[in-house]
Structures are given as structure tokens and as C-alpha cells.
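None of the values given here were measured: they were computed from a predicted structure. Indexing begins at 1, ligand by ligand and atom by atom, following the structure's order.
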Amino acid sequence: MKTLERLGILTSGGDCPGLNAVIRAVVSHAVLTYGWHVVGIPYATRGLLDRAMMPLSLHGLDLKGIDPLLTMGGTILGSINKGDTLSRIQEVLDGYAALELDALIGIGGDGSLAILNQLATQGNWQFIGIPKTIDNDVACTERAIGFDTAVNTITEALTRLTFTAASHDRVMIVEVMGREAGHLALHSGIAGGADVILIPEISYSIEQVCQHLAELRDRWGRRFAIVVVAEGAHRSLESANQSCEAIKCGMGQYVANEIAKCSPYPVDCRVSVLGHIQRGGIPSALDRLVAASLGKTAVDLIANGESQKMVAWQNGHAETVPLDAVLAKSPCSVDPASDLVQTARALGIYTGK
Ligand code: F6P
């Protein structure tokens, strides 16, 4: 087993619920099992440039015995999702050396993990990555930290919107995050009882959306509907002109405008853009569980002298994957032939062609 003086940990990219739970798991295991010192690097690689660190001790935020890290959203270390790291590589490497870190655990999405992996190669760092992102688009892992909580948040929003939609016979268009991946829209749309789910990976037509809404009404007497639209769904529109228009006015608003134009009967649409609400809140039990397991496994990998690996969640437990293999594949999108897409269709949800 490796003896370490100082283990660094940082969070990089957009925040999400569960990051503090990972930090807690790493500190607990590193201190209790291995007796290491753990330091947090604030604001990701910016902290390395600034040569800044904060000591993290077990129950460091202890409030009368309560450890809030398990339940706190966001990240106590702060994060950045834009920076000039790649143009200042030598300064970052110098910062790492100045902080006298023996190893680093980085929690990030595929963009952050790629940058950290490059730094690890050039600086010969011992580095382990942990995947996080509400988009769930990191390859080689079934789950990234934060995804489950965001799905729950959207699902709750859909449930709330259903009642007001039904009361006023309205079509609620709900725009959700996810960048170029439709995982958030697909998972929450099925869980939240959506009638239409539009994602970047499957092409669709507004005419078919309108036909589906008309059928709901004419055949089943449904006078309201819930339409979940991924923010990146402009990618699967039929023409470049339509995509440009959707980017200009926002995906949710675009779909509302087009439904109003195409529908054979008058439709009263309302648009909800859930925005950063999806990144907030208390982490779900599943996110906390995955955070605990991935954090613990990352510390064990460091202890075993391993480097440039990512800990992944596969079939209900933590696995280890070389970062190069992950980064060669990223990002991971929705497979149109997947069981979940087929399930949505089998339940009468329009998901495109
Ligand atoms: O990658 C996470 C994410 O929340 C995306 O779903 C979204 O497109 C983006 O980050 C928003 O970024 P920002 O916080 O910079 O607005």
C-alpha cells in the first residue's frame, strides 16, 4: 500500500448535487483507512494556478455532530466550467508541484476529465477521475453523479405541471438541460408521464407531434399534454433553418410556436424552462450511494498506486476504466434502439421517427 503525505481533490465543470457527498466519502476513507491528509483545491485548475488549497478533515464542517456534506448541493470547493487551463499548462503543473500534492482526485464531466488527464500525463501526476454531470453523458459509466437527482427534480416538476395543465386544458412544453444528450429528457419524461419527448438523438417532425396531440384528444379525450424537450433537440430537427430558428428562440419556445402554427385545432401552450433548478437541491439517495462507492474506490486506487483511471458505475457497483478508453468514446448519447426508448414508445409517448 502506498503512503501519501497529501491527497488533493477538486471539482471541475458545472456543479450538481452529490459533489459534496463524494468529497465526504474521499475524506472519510482517506483519513480513517489510510491516515492521509486531504486538501481541497478551490475552483478546479484555477486553484492550482493560484496555488490555493484548503485542508479537509473528517467532520470538518461538523455542526453539533451533524455532517452537512452528505446532503448539501453544489460543491464546497467551488468549480469553474470555463477557463484557460490549456494555454497555461506549465503554470498549472508548477502550481501542483508547489502545493506538494502526491496524488489528485478530480470530479468532473468528460471535458474536465480530458483536461485533467492531459495534465496528469504531462506532469506525471497520480490522478483518478470520478464522473459527474446531470447530463449523464460520460462514456463507460451507467451513472454520473448528479444525474439521478436532476431526473427526480424534473420528474417532480412534470408531476406539478400535469395538474395545472389538466385544469386549463393546456399543452405544457418543458425544456430540460442535457447539452447534446437526451438522457435527462428521456428518463424524466417516462417517469413524469410525458406525452411527447424530443431529444437530440432522434429526429422528429412538428407535424407528427401535432398529430399525436390530436390523437390524444380525439381518440382518448385528453385535452392537455406534457411535452418534454431537451435543450439540444434542435440538432434533430429536419432542416438547418429550423435548427437556427430553434437556437435563436430557445428550444421550448420554438416547439410551442411551431405547435401553435401546425395544430389542426387551437392549442393553448405554456413553456417552462427548468434551467439551473435542475442542478440544485439535495442529492437523491442513489446519488449519495454512488458518490460513496465511487469516492471510496478512487481512494483505494490511489492507495494501490494506480493512475489515469476513472471509477465508473456498472451493474450496481464501482468498476475501474482507463481514462484514455473513456475519453476515446465520450460523449455518450441515447441509443435510439435502447430499451428505454422502446419502453417510451410502447407506453404511447411520441419520441420521434
Ligand atoms: O453540463 C451540465 C449543464 O447543466 C448542461 O446541461 C447545460 O447545458 C449547461 O451545463 C449549462 O451551463 P452553465 O451553467 O454554464 O449555464
- Can you name the salt bridge (charged side-chain N to carboxylate O under 4.0 Å, His left out) partners of D84, sequence neighbours left out? R88
- Which residues share a salt bridge (charged side-chain N to carboxylate O under 4.0 Å, His left out) with E245, sequence neighbours left out: K248
- Note on the structure: Residue, atom and distance of the protein heavy atom nearest atom 6 (O) of ligand 1 read D135 OD1, 2.7 Å
- Query: Which protein non-hydrogen atom lies closest to atom 4 (O) of ligand 1, naming both residue and atom, and how far is it?
  - Reply: R279 NH1, 2.8 Å
- Test the R143-F147 pair against the cation-pi criterion, namely NZ or CZ under 6.0 angstrom from the six-membered ring centroid and within 45° of the ring axis. no
Run the numbers for me: atoms of ligand 1, each under 4.0 Å from some heavy atom of [X], listed by number.
| X | answer |
| --- | --- |
| K82 | 15 (O) |
| E231 | 5 (C), 6 (O), 7 (C), 8 (O) |
| N81 | 12 (O), 13 (P), 14 (O), 15 (O) |
| G178 | 6 (O) |

- Tightest non-hydrogen contact, residues I202 and K353, listed as CG2-O, 3.5 Å
- Considering non-hydrogen atoms only, spot the tightest contact between L99 and R6 and give its length. O-NH1, 2.6 Å
- Within the 4.0 Å heavy-atom cut-off, what L184 brings close to ligand 1 is neither
- Short question: side chain of S79, backbone of G13 - any donor-acceptor pair under 3.5 Å? yes
- Task: Kindly identify the option in Q278, M177, H276, R179 whose heavy atom sits closest to atom 13 (P) of ligand 1.
- Result: H276
